[in-house]
Amino acid sequence: MEKYLIKGGRPLKGEVSVSGAKNAALAVLPAALLSGDICKIENVPVVEDIRVLLEAIEDLGVKVNYENNGHTVIMDCRNIEKLVVDYKHINKIRASYYLLGSLLGAYNFSKVALPGGCNIGARPIDQHIKGFKSLGAEVDIKHGMVQVSADKLVGSTVYLDSPSVGATINIMMAACKAEGQTEIENPAKEPHIVDVANFLNSMGANIKGAGTDVIKIKGVSEMHGSEYMIIPDMIEAGTYMVAAAISKGDVTVKNLIPKHMDAVVAKLKEMDVKVEEFGDSLRVYYEEEYKNTHVKTLPYPGFPTDMQPQFVALMSMVSGVGLMTESIFESRFSYTSELRRMGADIKVEGNTAIVTGVDGFTGAEVKATDLRAGAALVLAGLAARGDTVISDIYNIDRGYEHLEEKIKGLGGWIARIDDEKVGLKVVGD
Ligand code: UD1
């Protein structure tokens, strides 16, 4: 089992470029199936979740070719042989559920293993199912598989109880070729919702209002192949911004969309972290002592839940008491016990973490319990005195492209190790 070894205490300095958005790519690649044609998708992040998804897509009969070191994916979707996605491909990634909506929209049938993914709460798919049913589909869940089928799909109005990202995208995809008009009320507004809608429109769909309170989809009879470039990853960008802040460094994060970063920037500024905007870059640097703050996660344009663990790591290093309230997922604080092993003072009460700033972390052996928890531990390790060893880093590989190279490029010390092979001993400071 590989682990990360991080030698902390070096301020990160320089420039880092953001990769394509993992969560957009996880939806755009399945959406290409609706074309029944050839699609060329650029700026695809080379991360484990995408590799697993593309393996599942290939198993359906799609011919997948790569260019540009895997960042450009060419999918020939003209000869789909199978509408069933087995558990073996998908048990690790939650976004398997996008194949439900895209295959249903394209072929009126799909059968997909129930999703896995990060273990951060119950994560039901009732809103997805409600959407499929309202388009006229029958939904059957048996033996760990969800089967969705319809003689024909007919547009309708779907009100989402909560603005679910996954349900919004799934319903958009299923409704593209339905008869008549579909309206999604109370949809999610995340940037990748807009990205997927733009991609679907580039393939001939007729979607209006993505990113607003109502999405309207007029069914079309034909869709076609397209070339498309995925947006930058706002969570990866935010993670490097916090890396700059927590290491008291000076980093310019390039190739992002500043508007997507508004909530993160607002909170960093509230903490007295310096942030400056230059075109599609943000410079984040330390100038004066930070102060603690209160944060609540909310659907976009609120503060993203996927930045919650990284921010708690930062807040832990800042004097005073900070509060982090998680309003999206019910059990997203399991990583706090790992941060405590590094010296953090965090108490969790209900859906709020009470963070009392400490005078620095000390390196320790810790475990990446999920993707963003892993990112938070990397940040804590970069700021800690001494060595940190992070296990279960497959969770980090799921969503961060070339993490070691990017951190090394900023002057951080991180290595991928196999501790059984090298007989590593962790040293403190
Ligand atoms: C997506 C992101 C994830 C991010 C999350 C919230 C992907 C692949 N993952 O996850 O990184 O943390 O958005 O921004 O894009 N819910 C229901 N019923 C449903 C669907 C959701 O009750 O049918 C609840 C969930 O349990 C959760 C909330 O709604 O409490 C939001 O979930 P949702 O927006 O659907 O998240 P995901 O699409 O799973």
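Computed from a prediction, not measured in an experiment: that's the story for all the values here. First listed ligand is number 1; within each ligand, the first listed atom is number 1. Atom set for the values below is all heavy atoms of this structure, side chains included, hydrogens, waters and symmetry mates excluded.
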Does [X] come within less than 4.0 Å of ligand 1, judged by its heavy atoms?
X: M307; answer: no
X: A188; answer: no
X: H192; answer: yes
X: S162; answer: yes

Taking all heavy atoms of N395 and all of A368, pick out the closest pair and write down the distance.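 Of all heavy-atom pairs spanning N395 and A368, the closest is ND2-O, 3.0 Å.
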
Just let me know how I328 lines up against ligand 1, side chain, backbone, both or neither, with a heavy-atom cut-off below 4.0 Å.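 Both of them.
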
Report the part of D126 in contact with ligand 1, treating N, CA, C, O as backbone and CB onward as side chain, heavy atoms under 4.0 Å; options are side chain, backbone, both, neither.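 The answer is both, backbone and side chain.
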
Is the number of heavy atoms from other residues, nucleotides or ligands within 6.0 Å of [atom1] ([X]) greater than 12?
X: E277; atom1: CD; value: yes
X: K274; atom1: NZ; value: yes
X: D151; atom1: CG; value: no
X: K82; atom1: NZ; value: yes

Any N or O on K22 sitting closer than 3.5 Å to an N or O of ligand 1?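 Between K22 and ligand 1, no N or O pair is found under 3.5 Å apart.
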
Compute the shortest N/O to N/O distance between E330 and ligand 1 and return yes if it is under 3.5 Å, no if not.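 There is no such contact.
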
Is the closest basic N to carboxylate O distance between E405 and K408 below 4.0 Å?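 Looking at K408 together with E405, the answer is no, because their closest N to O distance does not fall below 4.0 Å.
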
Could you tell me which atoms of ligand 1, counted from 1 in the order shown, lie closer than 4.0 angstrom to a heavy atom of [X]?
X: I125; answer: 19 (C), 23 (O)
X: R332; answer: 12 (O)
X: N23; answer: 2 (C), 3 (C), 7 (C), 8 (C), 9 (N), 11 (O), 15 (O)
X: G166; answer: 35 (O), 38 (O)

If you look only at distance, which donor and acceptor atoms sit under 3.5 Å apart when one is on a side chain in residues 170-178 and the other is two or more places apart or in another chain?
from : atom 1 : to   : atom 2 : distance (Å)
N170 : OD1    : G101 : N      : 3.0
N170 : ND2    : Y97  : O      : 2.9
N170 : ND2    : H128 : ND1    : 3.0

Tell me, with the steps shown, if S391 and E365 meet side chain to side chain donor-acceptor pair (under 3.5 Å). CA-CA 8 Å; S391 60; E365 286 195 62; over 6 Å; no

Nearest-option assignment for atom 33 (P) of ligand 1, heavy atoms, candidates V165, V196, N170, T305: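 Minimum heavy-atom distance to atom 33 (P) of ligand 1 goes to V165.
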
For residues 231-248, tabulate all N or O donor-acceptor pairs below 3.5 Å that involve a side-chain atom, not counting sequence neighbours.
from : atom 1 : to   : atom 2 : distance (Å)
D233 : OD1    : I235 : N      : 2.9
D233 : OD1    : E236 : N      : 2.9
D233 : OD2    : K22  : N      : 2.9
E236 : OE1    : S19  : N      : 2.7
E236 : OE2    : K406 : NZ     : 2.7
T239 : OG1    : I235 : O      : 2.7
T239 : OG1    : Q310 : NE2    : 3.1
T239 : OG1    : Y400 : OH     : 2.8
S247 : OG     : L12  : N      : 3.0
S247 : OG     : A243 : O      : 2.9
S247 : OG     : A244 : O      : 3.4

